[in-house]
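Working notes, beginning with the structure itself.
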Amino acid sequence: MNPIKPIFFEEERLFLLDQRKIPLKEEYFECNSFKDTYYAIKEMVARGAPLIGAVAAYGVVLACKEFKDDHKQNFIKNMDYAIKHLAKSRPTAVNLFWALRRMEKVFKSNVDSIDTLENLYTLLINEAHNICYEDLETNYQMARYGVKVVKQKARILTHCNTGALATTGYGTALGVVREAHYVGKDIKVYVDETRPRLQGTKLTSWELQKEQIPFTLIADSVSAVLMKKGYIDLILVGADRIAPNGDVANKIGTYGLSVLAKQFDIPFYVVAPTSTIDLDISCGDDIQIEERKNEEVTNINGVRVAPDNIQVYNPAFDVTPSKNITGIITEVGILGADKNSIREFRRKGD
Ligand code: MRU
């Protein structure tokens, strides 16, 4: 049903659909080492919280490939270093740390007892594959729950890219959109351009056009007018990290949309796997927000459009307070954005 393949592992190499080039080119970026995967996450060759987790998992596999012929002690030291290094690639999406913890658990619980490091390599590949398969299954499950909040002929506003490109192949918020389209709800999507990286313009538009799902691309600042005119029935966004009290970090601009949604009484749902919930923090204030390069704001397609020597503030994410969120659509059901609902389940793999 969905032809987009953002990630695959073949012949000991990781291939990532290069999201810096879409929609102009569909090219794969090849990772041969854990440092290549670090680069791919940091430079956003691959992005989106669940996909970042999957890429990091294969980063650990590639580290094992690189170091497994060394003495065990060196191997352990190098693997520890690789995992720590990968954890520094991007700070906000908790799926990165969640996936690294899963991989580290397989590495640490087997390294002493396993007969050869070649066998450990196989175990790590299997765990990385599992993370990918589970993510896909999780996406389908979220879509099945999420489609229930989509009314016939709904006009849906979405932000950033939360589709196949942000996951291992179907999508979180855009997975719900896909599902609603497939089951014949006759929906229409408004796609926020999502400054400054333009994930909406470049990636979400590309995905929706490929699947012939009706959509209109808008500049970020247009959404308020659409809501005021009554043209938006539902807002669906993804998440990079969810605090146990229901606060949600997501792409910069999400918070503003949530305030508008409240103003105009529009349902505002977050769609995210439970691996995006961080049980180690207490609220949104504890979430580290990534600040990216000034050039993302001052330049367009590599050409400087702002004057030289100016100050720029470029946070990649913001935090939406739980009180602005109607519900959180996960693979275990639709949770309330509050402590009690979120406490009811535990992160997979922990
Ligand atoms: O900076 P990005 O492109 O990695 O940010 C992505 C988002 O904010 C998405 O909305 C979020 O990861 C959820 S997508 C499954």
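Numbers for residues simply follow the sequence, beginning at 1. Keep in mind that the numbers below use all heavy atoms, side chains included, and drop hydrogens, waters and symmetry copies. These numbers come from a predicted model, not from an experiment. Just so you know, ligand 1 is whichever comes first in the structure, and atom 1 is the first atom listed for that ligand.
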Close-contact set for ligand 1 against Gln199 heavy atoms, below 4.0 Å: 1 (O), 2 (P), 3 (O)
Donor on one side chain, acceptor on other, Thr167 and Asn139, under 3.5 Å: yes
Derivation of the side-chain hydrogen bond (donor to acceptor under 3.5 Å, both in side chains) call for Asn245 and Asp247: CA-CA 6 Å; Asn245 72 337; Asp247 293 346; 3.1 Å; yes
Protein residue, atom and distance nearest to atom 11 (C) of ligand 1, heavy-atom basis: Asp240 OD1, 3.1 Å
Heavy-atom nearest neighbour of atom 2 (P) of ligand 1 within options Glu290, Arg197, Gln19, Arg90: Arg90
Ala49 neighbourhood, listing ligand 1 atoms whose heavy-atom distance to it stays under 4.0 Å: 12 (O)
Proximity flag Ala316 to ligand 1, non-hydrogen atoms under 4.0 Å: no
Proximity to ligand 1 by part of Thr162, non-hydrogen separation under 4.0 Å: both
Any N/O pair Phe317/ligand 1 closer than 3.5 Å: no
Option from Glu104, Met79, Arg102 for which side chain to side chain contact (heavy atoms under 4.5 Å, CB included) with Val60 holds: Met79
Thr172 N/O under 3.5 Å from ligand 1 N/O: no
Parallel, tilted or perpendicular: rings of Tyr28 and Phe8 (30°, 60°): perpendicular
Flag, side chain of His159 to backbone of Gly238, donor-acceptor distance under 3.5 Å: no
Heavy-atom nearest neighbour in the protein, as seen from atom 9 (C) of ligand 1, with distance rounded to 0.1 Å: Asn250 OD1, 3.5 Å
Neighbour count above 12 (heavy atom, 6.0 Å) for Gln73 CD: no
Proximal atoms of ligand 1 relative to Met44 (non-hydrogen, under 4.0 Å): 1 (O), 2 (P), 3 (O)
Neighbour count above 12 (heavy atom, 6.0 Å) for Tyr255 OH: no
Within 6.0 Å of OH in Tyr231, more than 12 heavy atoms from elsewhere: no
The one among Gly163, Ala239, Pro50 that brings a heavy atom closest to atom 13 (C) of ligand 1: Ala239
Parallel, tilted or perpendicular: ring planes of Phe67 versus Phe34, cut at 30 and 60 degrees: tilted
Ligand 1 atoms in contact with Ala166 (distance to a heavy atom under 4.0 Å): 14 (S), 15 (C)
Contact atoms of ligand 1, heavy-atom distance to Lys251 under 4.0 Å: 1 (O), 2 (P), 5 (O), 8 (O)
